[in-house]
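Every chain is numbered from 1 and lettered A, B, ... according to where its sequence line falls, protein lines coming before strand lines.
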There are 2 protein chains.
Amino acid sequence: MARTATGESSLARAVRILDCFTPEEPALPVSVIARRAGLHVATASRLVAELVGQGLLARGPDRAVRIGMRMWELASRASPTLSLREAAMPFLEDLHAVVGHHAQLGIRDGDEVLFLERLTARDAVVNFSRIAGRLPLHVTSSGLVLLAYGDDDLQQRVLSRPLARYTERTIATAARLRTAMAEVRRQGFALLPGHVHEEATGIAVPVRDALGEVVAGLSVIVPNDGRAAANVPVLLAAARGLSRTLARTSGDL
Amino acid sequence: MARTATGESSLARAVRILDCFTPEEPALPVSVIARRAGLHVATASRLVAELVGQGLLARGPDRAVRIGMRMWELASRASPTLSLREAAMPFLEDLHAVVGHHAQLGIRDGDEVLFLERLTARDAVVNFSRIAGRLPLHVTSSGLVLLAYGDDDLQQRVLSRPLARYTERTIATAARLRTAMAEVRRQGFALLPGHVHEEATGIAVPVRDALGEVVAGLSVIVPNDGRAAANVPVLLAAARGLSRTLARTSGDL
């Protein structure tokens with residue numbers, strides 16, 4: 001690929017442009033894209049025009065630019081997590097029907113939990129997660145599950161770094177995190193009242209694949225009213241069902 | 001962007017590479033990618049390496065290449081259809097719970113219906129649609145709804161071309177298509193028994209936005225047993241609820 005004087009390829013710059021968009025700001029003018037991506041306006045305009053030509057971006061009636069349908073299609077049609085998500089969907093629906101509020105599925109990507117799916121009731125408690133959104137592993141219940149069953153390298157890396165604090169309750173020291181991980185492995189679930197937001201409790205359980213490896217965290221977010229633990233059995237049952245489905249269909253994954 | 005002797009940009013070639021992957025073949029060796037994308041193996045290798053570097057592709061343990069998590073994340077985080085899909089999800093869940101089989105949401109993209117979401121029961125009837133999959137407008141119930149309420153240009157374009165036939169029942173002549181569109185507008189729904197597959201019936205209704213424009217088709221796929229029409233009222237009710245939600249939240253869309 002063509003490289004600038006700094007050695008950066010045009011593909012790298014295209015990705016920086018795609019990275020400017022968020023759920024809060026799905027449409028942006030080219031001038032804002034240029035600033036955020038750290039590109040000259042002329043360079044950004046040219047790249048945006050090319051991305052629009054390929055359908056990876058689309059221009060609205062107001063000339064603002066957004067992610068294009070073709071981008072979503074290319075990413076979703078053969079998504080690496082499509083089979084996991086499709087296998088999980090009936091269990092997420094059941095969880096959501098029984099528990100209400102939010103039912104979600106997260107996987108580990110790097111040192112964060114990446115949410116593949118979230119079902120939300122209209123009057124549900126506050127929740128910071130989003131589909132295709134990320135949160136640090138130590139903060140959320142599903143992240144803590146993925147960390148507790150993760151490999152040594154991952155655990156050491158997370159334990160050796162400063163831990164971001166979201167509320168008074170967030171686990172923010174290595175000592176507390178070590179204890180919490182041990183407790184998750186002993187109990188088989190993570191229950192974190194008020195760790196991401198004062199008003200919400202996250203509860204997560206591990207989902208295992210055919211080989212018994214933990215591949216995802218299944219979680220619900222409910223009000224922080226001291227009654228969250230009542231949801232542990234239904235979560236555990238759903239995770240077992242999903243793990244069994246994954247084991248059965250592992251040839252297709 | 002850099003262009004080859006043929007004037008094609010590296011971004012265009014990168015998109016051709018991303019386009020090689022399908023739900024049936026989510027992982028491919030570089031040699032197959034090169035052949036499908038019409039590129040020299042050396043060129044394909046270099047582009048694949050760069051796409052892997054950016055996280056848009058990922059390499060498996062067997063060196064086969066697949067769509068990367070980062071690609072899915074960039075596309076989904078600010079997806080142009082995220083709000084429509086999120087608004088539709090509770091209604092799709094209810095439909096799926098009541099009707100069983102498949103409940104799905106499709107939008108028009110070009111002259112095809114693109115399926116944004118599909119909820120499927122384990123023992124459901126055969127269904128050719130897929131999430132992020134496409135089918136021609138005239139073949140499927142949701143496509144026919146989007147066509148019947150589409151603009152003149154679209155209708156003329158589709159009517160003037162050969163119409164692909166999937167089964168004996170598929171609408172394959174302009175005259176029949178014209179009649180079918182008029183019937184959809186008169187009835188307010190499309191019911192197509194055996195048009196995509198002998199054993200399945202698709203039933204779809206229009207979803208309108210705040211301005212009353214038809215923006216999506218909400219559909220269920222059920223067995224072709226002569227009893228499909230019983231699902232029309234629940235579909236119509238779900239589409240009304242979804243349209244009302246869209247009107248209420250149109251400021252955020």
Practice task
Check A:Leu11 against B:Glu50 and note the closest heavy-atom contact, atom names and distance.
Solution key: CD2-CG, 3.3 Å
Fill in the blank from the handout: Bottom line for A:Leu116: the part with an atom under 4.5 Å from chain B's heavy atoms is both
Exercise for the section: Heavy-atom pairs under 4.5 Å with chain B are the metric here; pick the option from A:Thr120, A:Thr81, A:Leu119 that has the most. Expected result: A:Leu119
Exercise for the section: Check each atom of A:Ser76 against the heavy atoms of chain B and say whether the ones under 4.5 Å are side chain, backbone, both or neither. Expected result: both
Exercise for the section: List the steps and the verdict of side-chain contact (heavy atoms from CB on, under 4.5 Å) for B:Leu74 and A:Phe21. Expected result: CA-CA 8 Å; B:Leu74 287 172; A:Phe21 301 88; over 6 Å; no
Exercise for the section: Can you tell which part of A:Arg85 gets under 4.5 Å to a heavy atom of chain B, answering side chain, backbone, both or neither? Expected result: side chain
Practice task
Taking all non-hydrogen atoms of both residues into account, name the closest pair between A:Trp72 and B:Ala75 and its distance.
Solution key: CA-CB, 3.8 Å
Problem - Most contacts with chain A, counted as non-hydrogen pairs under 4.5 angstrom, among B:Arg70, B:Glu24, B:Glu25 - result: B:Arg70
Practice task
Nearest 0.5 Å please: distance from the CD atom of A:Glu73 over to the OG atom of B:Ser79.
Solution key: 12.0 Å
Completion exercise
Bottom line for A:Glu86: the part with an atom under 4.5 Å from chain B's heavy atoms is side chain
Exercise for the section: Tell me, yes or no, whether the heavy-atom count around B:Arg240 atom CZ, taken from other residues, nucleotides or ligands under 6.0 Å, exceeds 12. Expected result: no
Completion exercise
Under 4.5 Å to a heavy atom of chain B? For A:Met69 that would be both
Exercise for the section: Give the member of B:Asp109, B:Thr22, B:Ile131, B:Asp19 that has the highest number of heavy-atom pairs under 4.5 Å with chain A. Expected result: B:Asp19
Handout entry: Max heavy-atom pair count under 4.5 Å with chain B, selected residue of A:Pro23, A:Pro90, A:Gly53
Key = A:Pro23
Handout entry: Between B:Arg130, B:Met89, B:His96, the one whose heavy-atom pairs under 4.5 Å with chain A are most numerous
Key = B:His96
